[in-house]
Structure formats: structure tokens, C-alpha cells
**Q** 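Below you'll find the structure I mean.
Just so you know, ligand 1 is whichever comes first in the structure, and atom 1 is the first atom listed for that ligand.
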Amino acid sequence: MQYRRLGRTGLKVSEIGLGTMMFGEKTSEAESIRIIQQALDAGVNLIDVADVYAGGASEHIVGAALAGRRSQAVLATKGGRPTPLGQGLSRSHLFKAVEASLQRLRTDYIDLYQVHRWDPETPLEESLSALNDLIRQGKIRYIGCSNFAAWQLCKALWISDVRNYARFDSVQPRYNLVYRDPEAELFPLSRSEGVGVLAYSPLAGGVLTGKYLDAIPEGSRGWQNPQWQEGRLTPEAESAAVRVRAAAQRLNRPAGQIAIRWCLANPAVSSALVGPRTEAQWADALGAAAWTLPADEAAAIGQQ
Ligand SMILES: NC(=O)c1ccc[n+]([C@@H]2O[C@H](COP(=O)([O-])OP(=O)(O)OC[C@H]3O[C@@H](n4cnc5c(N)ncnc54)[C@H](OP(=O)(O)O)[C@@H]3O)[C@@H](O)[C@H]2O)c1
């Protein structure tokens with residue numbers, strides 16, 4: 001496994017991160033725990049979860065799997081999306097959300113606490129002041145944001161700077177061959193300001209493995225889900241999957257590994273967060289570690 005600095009911090013994260021969104025939902029607890037153990041065994045330290053995944057069950061599972069191995073993980077969770085406890089990035093909700101995550105995760109600190117998305121109803125000063133206090137209390141160590149536009153992250157960095165609050169050291173956008181919006185504004189900002197990027201959905205939810213090119217596989221995300229199909233199985237996605245498949249044949253590698261490596265070829269990206277549903281999928285993703293996609297292949301795949 002290779003590691004990258006998270007932005008300007010001294011924290012090193014594995015270039016492949018384990019996304020746990022399926023755990024407790026489509027992946028059983030037993031299989032999820034095996035995947036987490038395999039991740040740690042392979043040197044993956046970054047484990048990404050959120051309070052809302054599987055209604056809190058994903059955090060429970062991650063907490064159980066890390067018993068006795070907590071220090072091996074860079075544990076990243078998120079809060080601020082609607083939950084039965086409340087929602088948003090108010091001081092009140094963030095304090096409650098962090099306590100609840102700590103309990104489910106069975107730990108007394110979270111390495112990276114990420115606000116799940118922008119909250120138009122809470123002043124950013126309030127959220128950053130609350131996160132700053134949570135860092136001082138030792139409950140969280142670094143903070144990040146997710147699904148923020150570049151202007152939102154820029155505003156947050158500016159507030160932290162002028163108020164002397166801890167600042168967002170990471171941003172978590174969707175980023176893959178089909179969805180490249182972050183390249184325009186977010187990545188230049190991240191590189192300029194030393195903010196780490198955790199790229200989620202590097203496989204475009206499985207599309208870039210090529211599995212939808214012939215038929216819709218039973219049990220997959222797209223199976224019997226017309227809404228998902230409409231949003232994800234677009235002509236652009238199909239064309240990207242075809243380019244990835246061609247490169248996979250040339251390089252004699254599974255297509256999913258090519259798609260993951262393509263994300264990691266962007267110097268703004270600190271880690272690609274893959275979200276396996278099965279152990280076999282996770283074993284496939286781990287094969288993307290520690291090699292580099294040749295520049296001409298990266299360029300050919302990226303040609304839109
Ligand atoms: N911040 C946010 O708002 C946000 C949003 C989404 C995700 N995330 C994070 O990012 C992580 C990854 O997101 P994601 O799950 O969308 O990413 P992804 O890695 O692009 O997609 C994962 C899905 O692709 C399919 N797949 C994976 N490996 C495969 C293989 N070898 N062959 C065939 N199909 C394969 C599986 O779906 P099937 O069930 O179809 O097999 C799997 O669940 C999440 O777990 C979460 O931690 C964050």
C-alpha cells in the first residue's frame with residue numbers, strides 16, 4: 001500500500017480508502033467485518049463512514065471491527081445530514097452527532113470528522129466554532145467537509161483563518177471518469193490551499209467496472225432500480241466504461257482497478273474511497289494499490 005499526505009497535514013492516508021456505505025445495508029455484518037480486517041491487513045488505514053449509513057449500523061460495524069486495532073485506522077466519519085436526532089451543522093446538532101458517532105464507533109476520538117454537506121440554514125462561523133471546540137475537547141482530530149462547492153470551501157477556509165479556528169483539511173467530492181466537475185474549481189483550490197481530497201465513487205457506483213455494458217447484473221445497484229439507471233447509465237457513462245475496458249484489456253488488469261488508478265493519477269487526490277459490497281469486490285479494489293497508470297493510458301481514458 002502507498003500513502004499520501006492529507007493536504008498540508010502530517011497525516012498519511014492510504015491511497016485506497018475503504019468506504020463502508022454498504023455495510024449493514026447490502027453487506028452483512030459478518031462479511032463487512034471480514035472486509036475491514038482484510039483492509040487493515042493490506043495496509044489500508046483510511047476507513048470512511050457516516051452517521052446516516054444504514055441508519056447508524058455501518059458505524060456500529062466499523063466500531064466492532066476495530067476492537068483491538070483502533071490505532072491502525074484513520075477513522076473518518078461524517079455528520080450533519082438529516083437523522084432522527086436532528087440535522088444540519090448547528091452547534092447543537094454537531095455536538096450531539098459527534099457524541100452519538102463516538103458511541104456507535106466505540107472509540108473516544110475520531111481522526112477525521114467531516115460535515116456531510118453544506119447547510120444553508122446555519123452560519124458557517126457557528127459550525128466551525130463548534131468543530132474547533134470539539135477538536136479542543138480531543139473528540140475529533142482533524143475536520144473536513146463533503147460535497148462542498150469550491151466557493152463554500154474557500155469561504156470556510158477564510159473564516160477559519162480570520163477567526164483562528166481549526167480549518168477543513170480535507171474535502172470529499174464525488175470524482176470519477178464520468179463526473180469530473182471537481183477538476184474545474186475544487187481541485188485547483190485544494191492544491192493551492194493544501195486541502196486533501198478524498199474522492200468518492202471512483203467506480204461511478206460500479207459502472208466503470210464494465211458490468212453494465214452487456215446487461216444489468218442481478219443484485220447490482222442498477223438491478224430493478226429505474227431511477228438509478230436513469231441517473232447513472234447515461235451515454236457518457238457507457239462511453240467511459242468502454243474506454244476503461246479497452247485500457248484494461250491493453251494492460252491486462254481488471255477494469256475497476258484502471259478506474260481507481262485513473263482517479264489517483266490526479267495530483268489533487270489524496271485517496272480514492274471505494275465502496276465494496278462483497279469481499280470479492282474488495283479484493284479486486286486492493287489490486288489497484290501500488291502501481292501507476294501510464295500517462296498515455298490515463299490521457300486516452302480521460303478523453304471525452
Ligand atoms: N460524501 C458523500 O456524500 C458520499 C456519497 C457516496 C459515497 N461516499 C463514500 O464513498 C464510498 C464509495 O462510494 P460508492 O460506493 O458510490 O463507490 P464506488 O466504489 O464507485 O461503487 C461501489 C459499488 O460498485 C460495485 N462494485 C465494486 N467493485 C466491483 C467489482 N469489482 N465488480 C463489479 N462491481 C463492483 C458495487 O455495487 P453493486 O452492489 O452493484 O455490486 C459497489 O457497491 C462510500 O462507501 C462512502 O464511504 C460518500
**Q** Quick one: does Pro202 get within less than 4.0 Å of ligand 1, heavy atoms only?
**A**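 Judged by the 4.0 Å heavy-atom criterion, Pro202 does count as contacting ligand 1.
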**Q** Can you tell which part of Thr20 has a heavy atom less than 4.0 Å from ligand 1: side chain, backbone, both or neither?
**A**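 For Thr20, the contact with ligand 1 is made by the backbone alone.
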**Q** Under 4.0 Å, heavy atoms only, figure out whether ligand 1 is touched by the backbone of Asp48, its side chain, both or neither.
**A**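 Both backbone and side chain.
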**Q** Using modelled atom types and a 3.5 Å cut-off, is there a donor and acceptor pairing between side-chain atoms of Gln38 and backbone atoms of Glu279?
**A**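 Judged by distance alone, no pair lies under 3.5 Å.
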**Q** Centre of Tyr109's six-membered ring, under 6.0 Å away, within 45 degrees of the axis: is that where NZ or CZ of Arg141 sits?
**A**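 Here Arg141 passes the 6.0 Å and 45° test against Tyr109.
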**Q** Aromatic rings His116 and Tyr53: how do their planes relate, parallel, tilted or perpendicular, breaks at 30° and 60°?
**A**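 Judged by the thresholds at 30° and 60°, the geometry between His116 and Tyr53 is perpendicular.
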**Q** Looking only at heavy atoms, is any part of Lys78 under 4.0 Å from ligand 1, and if so is it the side chain, the backbone, or both, or is it neither?
**A**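 Near ligand 1, Lys78 shows its side chain, while the N, CA, C and O stay back.
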**Q** Quick check: closest heavy atoms across Arg245 and Leu213, and the distance to 0.1 Å?
**A**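 Scanning both residues, the minimum pair turns out to be CZ-CD1, 3.5 Å.
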**Q** Between Arg70 and Thr107, does the side-chain hydrogen bond (donor to acceptor under 3.5 Å, both in side chains) criterion hold? Intermediate values first, please.
**A** CA-CA 8 Å; Arg70 174 68 186 88; Thr107 184; 2.9 Å; yes
**Q** So, is Arg81 polar-close to ligand 1, with some N/O to N/O distance under 3.5 Å?
**A**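 In this structure, Arg81 places no N or O atom under 3.5 Å from an N or O of ligand 1.
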**Q** What do we get for Leu203 next to ligand 1 when only non-hydrogen atoms under 4.0 Å count, side chain, backbone, both or neither?
**A**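 The part of Leu203 near ligand 1 is both the backbone and the side chain.
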**Q** Answer with side chain, backbone, both or neither: which part of Trp223 has a heavy atom less than 4.0 angstrom from an atom of ligand 1?
**A**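 No part of Trp223 is near ligand 1 at this cut-off.
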**Q** Quick test: of every protein heavy atom, which one is nearest to atom 1 (N) of ligand 1, and how far off is it to 0.1 Å?
**A**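 Residue, atom and distance for the closest contact: Ser146 OG, 2.7 Å.
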**Q** Which residue from Arg277, Arg221, Arg232, His116 reaches closest to atom 40 (O) of ligand 1 through any of its heavy atoms?
**A**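 It is Arg221 that holds the nearest heavy atom.
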**Q** Check whether Glu121 reaches the backbone of Gly88 with its side chain - one donor and one acceptor, N or O, closer than 3.5 Å.
**A**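 Such a contact is absent between Glu121 side chain and Gly88 backbone.
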**Q** Closest non-hydrogen protein atom to atom 12 (C) of ligand 1, residue and atom name please, with distance?
**A**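 For this ligand atom, the closest protein heavy atom is Leu273 O, 3.2 Å.
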**Q** Which residue and non-hydrogen atom of the protein lie closest to atom 31 (N) of ligand 1, and at what distance in Å?
**A**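 That would be Asp284 OD2, 2.8 Å.
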**Q** Of the listed options (Gly144, Pro217, Ser201, Ala76), which comes nearest to atom 18 (P) of ligand 1 when hydrogens are ignored and any heavy atom counts?
**A**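 It is Ser201 that holds the nearest heavy atom.
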**Q** Examine ligand 1 and decide if any of its atoms is less than 4.0 Å from a heavy atom belonging to Tyr175.
**A**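 Not so, Tyr175 does not reach ligand 1.
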**Q** Would Gln114 and Ser170 count as having a side-chain donor-acceptor pair, cut-off 3.5 Å?
**A**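 There is no such pair between these side chains.
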**Q** Just which atoms of ligand 1 are under 4.0 Å from any heavy atom in Tyr53?
**A**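 Reading through ligand 1 atom by atom, the close ones are 4 (C), 8 (N), 9 (C), 46 (C), 47 (O), 48 (C).
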**Q** Starting from atom 42 (C) of ligand 1, which protein heavy atom do you reach first, and at what distance in Å?
**A**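 For atom 42 (C) of ligand 1, the nearest protein heavy atom comes out as Gly275 O, 3.1 Å.
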**Q** When you compare the side chains of Thr9 and Arg5, does any donor N or O come within less than 3.5 Å of an acceptor on the partner?
**A**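 Arg5 and Thr9 do not have a side-chain donor-acceptor pair below 3.5 Å.
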**Q** Quick one: look at Lys211 and ligand 1, take heavy-atom pairs under 4.0 Å, and tell me if it's side chain, backbone, both or neither.
**A**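 Just the side chain.
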**Q** Within the 3.5 Å criterion, strictly below it, is a donor on Ser220 or Tyr212 matched to an acceptor on the partner's side chain?
**A**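 Short answer, yes.
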**Q** Which heavy atom of the protein is the closest neighbour of atom 25 (C) of ligand 1, given with residue, atom name and distance?
**A**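 Protein heavy atom with the smallest distance to atom 25 (C) of ligand 1: Gly206 CA, 3.6 Å.
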**Q** Any idea which protein heavy atom is nearest atom 48 (C) of ligand 1, and the distance to it?
**A**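 The closest heavy atom on the protein side is Gln172 OE1, 3.0 Å.
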**Q** Does a side chain donor of either Asp133 or Tyr165 reach within less than 3.5 Å of an acceptor in the other side chain?
**A**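 There is no such pair between these side chains.
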**Q** Give me the nearest non-hydrogen protein atom to atom 5 (C) of ligand 1 as residue plus atom name, then the distance to 0.1 Å.
**A**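 The closest one turns out to be Tyr200 CE1, 3.2 Å.
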**Q** Is the closest N or O pair between Met22 and ligand 1 shorter than 3.5 Å?
**A**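 It does not: no N or O of Met22 is found under 3.5 Å from an N or O of ligand 1.
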**Q** State whether the side chain of Tyr200 and the backbone N or O of Gln172 hold a donor-acceptor pair below 3.5 Å, judged by distance alone.
**A**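 Here the side-chain-to-backbone pair does not exist.
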**Q** Applying a 4.0 Å heavy-atom criterion (strictly less than), which segment of Ala50 is in contact with ligand 1: side chain, backbone, both, or neither?
**A**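 It is neither part, as no heavy atom is under 4.0 Å.
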**Q** Could you find the nearest protein heavy atom to atom 36 (C) of ligand 1 and give me its residue, atom name and distance?
**A**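 Atom 36 (C) of ligand 1 sits closest to the protein heavy atom Gln281 OE1, 3.3 Å.
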